[in-house]
Amino acid sequence: TKGEEVMNALVGRMVECREDGFESGIWDGEFEKQDFHTATYSCLTGCKSTEWGGVFITPTHMQEYLFAVKRDDKLYVSNSMPFVLLERGERFDADYYDYEFDLNSTMLGYERCHRNTPLKGGNKLMIFRGCRVSVDKNLNIKEERQNHRFPMGNFAEYKASVLGVMDRMVKNAQSPARKHQYGLITTISRGYDACASSVLAHEVGCDTSLSFVAPAKYLKDDGREIAKTIGYKNILTGDADEFKQNEDFLEAEGSCTGCG
């Protein structure tokens with residue numbers, strides 16, 4: 001709320017909370033230091049309070065977003081698009097046809113992606129990707145791109161940099177100071193990208209892999225033999241159509257973010 005010293009937060013049970021902020025996810029730093037707002041690489045959303053307001057954080061990749069609605073001297077921010085709309089009492093405009101494109105404009109890159117989309121009644125839904133969002137006590141908003149690059153002197157240096165980030169993230173994810181630790185799993189097909197990623201994941205301690213073997217078309221892309229060659233011990237298989245049989249609507253947890 002404009003002019004107030006305290007932010008109100010409504011969070012889920014998996015969110016890590018402190019007096020000066022909260023976050024859900026991991027970053028390439030020590031969990032105990034809670035320096036996620038200055039991390040070079042992260043897979044999280046969160047908020048850190050400051051003397052002048054607060055900083056909201058998106059992942060450093062651009063596949064997950066933060067959404068915000070501002071009205072009546074209040075700013076609502078969430079990583080769930082339906083939640084922020086419901087909390088504010090906003091609705092989509094049935095006469096606007098480009099919502100899907102606005103959300104998927106990530107493919108245009110950081111500079112060209114759409115940063116807001118219209119709502120019924122004239123308000124707008126703000127969309128933040130790959131950035132830090134600073135908000136002062138007067139609700140002025142400043143977006144700062146998160147720049148992150150690996151040194152590219154040679155392949156050995158590049159690989160060492162990638163493994164260093166992955167190792168720090170694993171230690172962060174499995175910190176005993178967390179309320180909930182994260183496990184490690186990789187998906188392996190016969191594609192070169194999945195294989196390369198799984199080799200690196202195995203080097204930082206991942207020992208569980210998953211390959212889809214059904215429906216029949218997935219057998220041609222079955223990565224179990226590759227996982228065995230890499231050295232994975234716990235090799236799992238799955239059916240890509242299995243989600244169609246669930247009765248708990250599990251996919252809603254991903255779709256509700258607006259990015260699913």
Side-chain angles (χ1 to χ4, degrees), residues 14 16 23-46 57-65 79 106-107 109-110 129-132 145-178 180-213 218-240 253-254 257 259-260:
M14 297 290 286
E16 301 280 352
E23 47 78 15
S24 177
I26 64 174
W27 66 98
D28 65 334
E30 296 181 35
F31 175 79
E32 292 79 0
K33 291 184 177 180
Q34 286 293 296
D35 55 356
F36 59 88
H37 59 302
T38 59
T40 306
Y41 300 95
S42 69
C43 297
L44 63 80
T45 54
I57 311 298
T58 75
T60 48
H61 60 77
M62 292 179 59
Q63 302 306 309
E64 297 178 58
Y65 316 150
N79 59 3
T106 301
M107 62 187 175
Y110 180 83
R129 314 165 174 87
C131 64
R132 298 182 180 91
R145 182 176 185 178
Q146 299 189 58
N147 290 311
H148 45 282
R149 298 177 180 176
F150 286 112
M152 296 290 288
N154 55 54
F155 180 77
E157 290 179 4
Y158 176 72
K159 180 183 177 182
S161 296
V162 173
L163 284 173
V165 170
M166 293 177 67
D167 184 62
R168 292 192 295 274
M169 282 192 162
V170 168
K171 290 175 180 173
N172 183 292
Q174 299 181 342
S175 169
R178 284 184 171 275
H180 303 279
Q181 288 80 38
Y182 294 93
L184 300 176
I185 186 170
T186 186
T187 53
I188 302 183
S189 63
R190 294 183 182 178
Y192 70 90
D193 52 347
C195 298
S197 299
S198 296
V199 168
L200 297 176
H202 190 257
E203 289 194 33
V204 296
C206 181
D207 205 31
T208 300
S209 70
L210 170 66
S211 296
F212 288 120
V213 296
Y218 284 95
L219 285 174
K220 297 180 180 180
D221 205 26
D222 179 3
R224 284 179 291 180
E225 285 300 316
I226 297 173
K228 184 177 180 181
T229 300
I230 294 173
Y232 280 88
K233 303 300 182 183
N234 187 23
I235 300 174
L236 309 178
T237 60
D239 182 342
E253 296 185 12
T257 64
C259 321

Measure the CG-CZ distance between Asn172 and Phe36 for me, rounded to the nearest 0.5 Å.
-> 11.0 Å
Looking only at heavy atoms, what is the nearest atom pair of Cys43 and His61, with distance?
-> SG-CD2, 4.2 Å
Ignoring hydrogens and geometry, is there a side-chain-to-backbone donor-acceptor pair from Ser211 to Ile188 under 3.5 Å?
-> yes
Distance col, row Ile226:CD1 vs Tyr192:OH, nearest 0.5 angstrom, shows 14.0 Å
Smallest heavy-atom separation, Phe212 atom then Ala240 atom, equals CD2-N, 3.6 Å
Closest approach of Asp221 and Arg190, non-hydrogen atoms and distance?
-> OD1-N, 3.1 Å
Do you know which of Ser209, Ser198, Ser197 makes side chain to side chain donor-acceptor pair (under 3.5 Å) with Thr186?
-> Ser198
Can you tell me if Asp28 uses its side chain to pair, donor with acceptor, with the backbone of Tyr41 under 3.5 Å?
-> yes
Asp35 to Glu30 - nearest heavy-atom pair and separation | OD1-O, 3.9 Å
Do Gln146 side-chain atoms and Thr58 backbone N/O form a donor-acceptor pair below 3.5 Å?
-> yes
Report the distance from atom CZ of Arg145 to atom CZ of Arg129, rounding to the nearest 0.5 Å.
-> 12.5 Å
Passing option when Tyr65 is tested against Asn79, Thr106, Thr45 for side chain to side chain donor-acceptor pair (under 3.5 Å) | Thr106
